[in-house]
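Notes follow once the structure below has been shown.
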Protein chains: 2
Amino acid sequence: MSEENQLLTRCLYFTASRFARNMTRLAEKTFEADDLAPTYLYLIMIVKFNPGIRQKELCRKLSIAPSTSTRFVSKLEKRKLVTRTSGGKDTYITLTDSGEAVYSRFQQSLEVLFARYSAILGSEFSTNLSKRLYEASVKLEQNY
Amino acid sequence: MSEENQLLTRCLYFTASRFARNMTRLAEKTFEADDLAPTYLYLIMIVKFNPGIRQKELCRKLSIAPSTSTRFVSKLEKRKLVTRTSGGKDTYITLTDSGEAVYSRFQQSLEVLFARYSAILGSEFSTNLSKRLYEASVKLEQNY
DNA sequence: CTTTCATGTTTGTATATGCAAATGATTAAT
DNA sequence: ATTAATCATTTGCATATACAAACATGAAAG
């Protein structure tokens, strides 16, 4: 293998961002009917499982910066998919009925996404890779 | 494991983007002395190994969109790290001497980056994960 | 109680990135 | 040789995302 290829294959920063770009493309295509970028759907999912969640906690679960979460929630609020309730310095986030409906559709799109990448990468391989990435994120976050 | 956790652990789109965000943070911190975002350094590296490369080929190697590559190259040109030579419909990209110098420093930062994430994730694990991500990207790109 | 401190959220600003449309240049077809 | 088709690059526009500074609220200390 050439030196160039070795560097491209070996650097986890590079392989990770590249792979994320590729997966994002696939996810966007799969979710396009929902008219929301994939991350929003994950946000909705988290709120679904944690009604009344605070933004801080949302950030932690999604690994996004607080500013990002503010903007995401604002957009979803504008579309009436979530509501914000201000409780002192915190704000609590809950799904609206439309939000619940979007979540249901999202669940189905998710299965389509799983099927698509499993067909390309293999089911075993995908599950395994996903698990590793999850663990690795947890470790990186603990160290910063 | 809760249903929520299972969804967060199992979805390769989500685990991949999350991990990429985390790695980007680490890489940016490691490379901050170079005053260029990590991807630019990879671009420089590729030009280093392929003097006179066309943008098309750059895009392929980096898995970025042509528009992104135009902007990246423009920025690097403005900083006099690369030169563009127009040859008909193609443009050929080459490192300047400053570009070469930046590359040398980058090589060293790269080792630091490797050391940092290896310390957190394990050396074996990191190499392995990187290899898998690389393979997976190749497969995804072939299918689109 | 009021001042200081800590914590959560929002806003300002900047950048990476993509898609689609426009431009420019080479090649093929009549 | 002019027109049509093809291909590479660029530009316009939109969005995700981050950091740092500002803001707002609640808690602690005097």
Side-chain angles (χ1 to χ4, degrees), chain A residues 13-14 16-29 31-32 34-43 52-79 82-93 141 144, chain B residues 13-14 16-29 31-32 34-43 52-79 82-93 141 144:
Chain A
Y13 157 74
F14 181 70
S17 359
R18 182 182 177 195
F19 181 70
R21 280 197 292 280
N22 283 315
M23 274 303 302
T24 299
R25 215 173 305 146
L26 188 61
E28 278 171 355
K29 197 174 295 184
F31 297 154
E32 71 190 347
D34 295 290
D35 192 35
L36 277 174
T39 310
Y40 288 94
L41 297 167
Y42 280 86
L43 198 162
I53 192 174
R54 282 171 313 136
Q55 278 195 194
K56 182 94 196 279
E57 187 66 5
L58 246 183
C59 292
R60 209 186 47 74
K61 281 181 187 269
L62 289 170
S63 305
I64 57 177
S67 53
T68 305
S69 119
T70 293
R71 287 177 231 271
F72 277 34
V73 173
S74 298
K75 181 160 168 180
L76 291 175
E77 199 184 26
K78 211 172 289 171
R79 297 201 188 187
V82 305
T83 53
R84 273 183 173 115
T85 314
S86 194
K89 68 185 172 185
D90 305 328
T91 52
Y92 305 103
I93 303 160
E141 284 164 27
Y144 280 85
Chain B
Y13 157 74
F14 181 70
S17 0
R18 184 182 174 194
F19 180 70
R21 281 197 291 279
N22 283 314
M23 274 303 303
T24 298
R25 216 174 304 146
L26 189 59
E28 278 170 355
K29 197 174 297 186
F31 297 154
E32 71 190 347
D34 295 290
D35 193 35
L36 278 173
T39 310
Y40 288 95
L41 297 168
Y42 280 86
L43 198 161
I53 191 174
R54 282 171 313 135
Q55 279 197 192
K56 183 97 196 279
E57 187 66 4
L58 247 184
C59 292
R60 210 186 47 74
K61 282 181 187 268
L62 288 170
S63 304
I64 56 177
S67 53
T68 306
S69 119
T70 294
R71 290 178 232 270
F72 277 34
V73 172
S74 298
K75 182 162 169 180
L76 291 176
E77 200 185 25
K78 212 173 288 171
R79 297 202 187 186
V82 306
T83 53
R84 273 185 173 113
T85 314
S86 193
K89 69 185 172 186
D90 304 328
T91 53
Y92 305 103
I93 303 160
E141 285 165 25
Y144 279 82

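Keep in mind it's a predicted model, so treat the numbers as computed, not measured. Reminder, nothing fancy here: chain letters follow the sequence lines and each chain counts from 1.
Residues B:Arg18 and A:Ser63 come closest through the heavy atom pair NE-OG, 2.6 Å. A:Leu58 and A:Ile53 make their closest contact through N-CD1, 3.9 Å (heavy atoms, listed as atom of the first residue, atom of the second, distance). Shown here for A:Val82 and A:Val73, the closest heavy-atom pair between the two residues is CG2-O, 4.0 Å. Smallest separation of non-hydrogen atoms from A:Gly87 and A:Tyr92: CA-CE1, 3.8 Å. Across B:Pro66 and B:Cys59, no two heavy atoms sit closer than the pair CA-SG, 3.5 Å.
Note on residues 53-63 of chain A: pairs passing salt bridge (charged side-chain N to carboxylate O under 4.0 Å, His left out), not counting sequence neighbours, are A:Glu57-A:Arg60, A:Lys61-B:Glu4.
B:Arg84 and B:Thr91 are not linked by any side-chain donor-acceptor pair at a separation below 3.5 angstrom, with hydrogens and angles left out of the test.
The aromatic rings of B:Phe14 and A:Tyr42 lie parallel to each other, their planes meeting at an angle below 30°, with 60° marking the opposite boundary.
For C:dG8, the OP1/OP2 oxygens have no side-chain nitrogen or oxygen of A:Arg84 closer than 4.0 Å.
Atoms CD (A:Glu77) and C1' (C:dT9) sit 13 Å apart, rounded to a whole Å. For A:Ile53 and C:dG8, the CD1 to C1' distance is 14 Å, given to the nearest whole Å. What separates CG of B:Asp35 from P of C:dA14 is a distance of 15 Å, to the nearest Å.
Contacts of residues 85-93 of chain B with DNA chain C (heavy atom under 4.0 Å): B:Gly88, B:Lys89.
Rounded to 10 degrees, the angle separating the terminal axes of the helix from C:dC1-D:dG30 to C:dT30-D:dA1 is 0°, with each axis obtained from five end pairs.
Here the CZ atom belonging to A:Phe72 is positioned 8.5 Å from the CG atom belonging to A:Leu62, to the nearest 0.5 angstrom. Interatomic distance, B:Thr39 OG1 to A:Arg21 CZ, rounded to the nearest 0.5 Å: 6.0 Å.
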Please encode protein proximity along nucleotides 16-21 of chain C as a string of B, S and -, counting only heavy-atom distances under 4.0 Å.
SBBB--
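Remark: B:Lys75 pairs with B:Tyr40, B:Arg79 by the side-chain contact (heavy atoms from CB on, under 4.5 Å) rule, at least two apart or across chains.
Looking at heavy atoms from C-beta onward, A:Arg71 lies in side-chain contact with A:Ser67 at the 4.5 angstrom threshold.
Using a cut-off of 4.0 Å between Lys/Arg side-chain N and Asp/Glu carboxylate O, B:Glu141 and A:Arg25 are scored as not salt-bridged.
Chain B approaches DNA chain D within less than 4.0 angstrom (heavy atoms of the protein), and the contacting nucleotides run 5' to 3' from D:dC7 to D:dC19.
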